[in-house]
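In what follows, every heavy atom counts, from backbone to side chain, and hydrogens, waters and symmetry copies are set aside.
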Amino acid sequence: MTDSTLQQDTLAQDFVAFAVQCGVLRFGTFTTKAGRQSPYFFNAGLFNDGAMLGKLAQFYAQRIIASGIACDMLFGPAYKGIPLVAAVSIELARLGRNLPFAYNRKEAKDHGEGGSLVGAPLQGRVMIVDDVMSAGTAVRESIALIKAANATPAAVAVALDRQEKATENGQDVPYSAVQYVRSQLGMEVCAIATLDDLMDYLANDPAASRQPEMAGYHSQVLAYRERYGVV
């Protein structure tokens, strides 16, 4: 294992621990949009103060830089992607990689500058910054906006890759939204952490082992992965 790989694994574990500490990553029984009973729930909207958002942006920026993915600007899909793309662009600039960014409105304005896009003009290779990809719907919408501006949708950065089967027309398909974006759309994806990292946290992190209520969740997440996970 290379030093780079070790650093990235540490980054992922630190992120999972941070998400648990902030109450963004929770364990219990939750119903997903696909109607599945999941033993964990990740809600990036709960990174809802300045300190948490700033720390989250650090994780994104470090992962984006470590990925080596080339891009000319960032794009945040409304709504969760808007504060994310702004915060991540600030952190990247602080680290010496100053990139323009843009985001979209859900409803186009017919006054002022008009249109549905705000920020820098979409051009060159664009990296989409979002929280997670479940069905990939937000990514597809972002891709359409980027292509309409004659720019190139090049990559997606997300906080968590759930590594589970996507659903189409209410049916499970044998690939995840991330795999679809990579193989079918030809875009690169970088995730701060994955479901594998979450399971490693539950199995090995001292903070998790000190919490009795966490004891059974590794086996529950493993069972969920065996049922809905992708290879």
Side-chain angles (χ1 to χ4, degrees), residues 8 11-34 36 38-67 69 74-92 101-106 118-119 126-143 155-164 166-167 176-178 181 187-202 205 208 217 221 224 228:
Q8 290 187 9
L11 183 70
Q13 289 301 302
D14 289 346
F15 174 71
V16 172
F18 171 64
V20 172
Q21 177 186 353
C22 294
V24 170
L25 178 57
R26 300 177 180 180
F27 300 94
T29 302
F30 307 93
T31 303
T32 69
K33 288 183 179 179
R36 299 169 182 166
S38 173
Y40 74 97
F41 182 63
F42 181 84
N43 180 6
L46 295 176
F47 289 119
N48 56 14
D49 67 27
M52 287 191 290
L53 183 59
K55 183 67 174 178
L56 175 63
Q58 290 177 23
F59 282 112
Y60 269 100
Q62 290 175 49
R63 179 62 86 218
I64 289 169
I65 290 172
S67 74
I69 295 173
L74 307 175
F75 177 80
Y79 288 104
K80 286 184 181 179
I82 295 174
L84 284 177
V85 75
V88 172
S89 68
I90 292 170
E91 181 61 19
L92 283 170
F101 72 92
Y103 57 89
N104 68 301
R105 301 183 180 96
K106 287 287 190 180
V118 182
V126 182
M127 176 179 284
I128 299 165
V129 181
D130 210 350
D131 54 351
V132 295
M133 274 193 286
S134 297
T137 305
V139 170
R140 290 187 180 97
E141 292 174 351
S142 298
I143 289 170
V156 184
V158 294
L160 181 68
D161 177 3
R162 291 178 61 96
Q163 295 180 298
E164 67 181 68
T167 57
S176 70
V178 167
V181 168
M187 296 171 63
E188 298 187 80
V189 180
C190 65
I192 302 172
T194 67
L195 180 58
D196 287 339
D197 296 314
L198 190 160
M199 293 175 64
D200 286 344
Y201 167 81
L202 289 172
D205 193 279
Y217 288 131
V221 175
Y224 185 82
Y228 296 114

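Within the 4.5 Å cutoff, the side chain of V132 has no heavy atoms near those of the V158 side chain. Residues P77 and I128 meet the side-chain proximity criterion, which asks for heavy atoms closer than 4.5 Å. Looking at heavy atoms from C-beta onward, I143 lies out of side-chain contact with V181 at the 4.5 angstrom threshold. Side-chain contact between V118 and R105: present, with at least one pair of heavy atoms (C-beta onward) separated by less than 4.5 Å. Contact of the I65 side chain with the L92 side chain is registered, since non-hydrogen atoms from C-beta on lie closer than 4.5 Å. Within the 4.5 Å cutoff, the side chain of E164 has no heavy atoms near those of the S38 side chain. The shortest distance between side-chain heavy atoms of D161 and V189 does not fall below 4.5 Å. Residues Y224 and R36 meet the side-chain proximity criterion, which asks for heavy atoms closer than 4.5 Å.
Note that CG of D130 and CG of L160 are 12.0 Å apart. Values are rounded to the nearest 0.5 Å. Atoms CD and CZ, from Q62 and F15 in turn, are 12.0 Å apart once rounded to the nearest 0.5 Å. To the nearest 0.5 Å, atoms OH (Y79) and CG (N104) are separated by 9.0 Å. Interatomic distance, CZ of F42 versus CG of L198, reported as 9.5 Å (0.5 Å rounding).
Scanning all heavy atoms of the two residues, the minimum distance from V178 to M133 falls at CG2-CE, 3.5 Å. In plain terms, the two heavy atoms of V221 and M199 that are nearest each other are CG1-CG, 3.6 Å. The minimum heavy-atom distance between G76 and Y103, with the atom names listed, is O-CB, 3.1 Å. Minimum interatomic distance between C190 and I64 (heavy atoms only, all atoms of both residues): SG-CG1, 4.1 Å.
Qualifying side-chain hydrogen bond (donor to acceptor under 3.5 Å, both in side chains) partners for E91, counting only residues two or more places apart in sequence or in other chains: R94. In this structure, the side-chain hydrogen bond (donor to acceptor under 3.5 Å, both in side chains) partners of T31, at least two apart in sequence or on a different chain, are Q37. Looking at residues two or more places apart in sequence or on another chain, you find no side-chain hydrogen bond (donor to acceptor under 3.5 Å, both in side chains) involving R26. Listed by chain and residue number, T194 satisfy the side-chain hydrogen bond (donor to acceptor under 3.5 Å, both in side chains) test with D197 (two or more places apart in sequence, or in another chain).
Between the side chain of Y60 and the backbone N or O of A159, at least one donor-acceptor pair lies under 3.5 Å.
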**OP:** Apply the test side-chain contact (heavy atoms from CB on, under 4.5 Å) to residues M127 and L74: give CA-CA distance (whole Å), side-chain angles for both, the deciding distance (0.1 Å), then the verdict.
**Re:** CA-CA 5 Å; M127 176 179 284; L74 307 175; 4.0 Å; yes

**OP:** Start with the C-alpha gap between F47 and F18, add the side-chain angles, then the distance that decides, and say whether ring pair (Phe, Tyr, Trp, His ring centres under 6.0 Å) holds.
**Re:** CA-CA 10 Å; F47 289 119; F18 171 64; 5.3 Å; yes

Under 3.5 Å, which donor-acceptor pairs link side chains of residues 81-89 to any protein atom two or more places apart or in another chain?
from: S89; atom 1: OG; to: V85; atom 2: O; distance (Å): 3.2
from: S89; atom 1: OG; to: A86; atom 2: O; distance (Å): 2.8

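Applying the side chain to side chain donor-acceptor pair (under 3.5 Å) test to every pair with at least one member in residues 39-53, sequence neighbours left out, gives these pairs: N43-K80.
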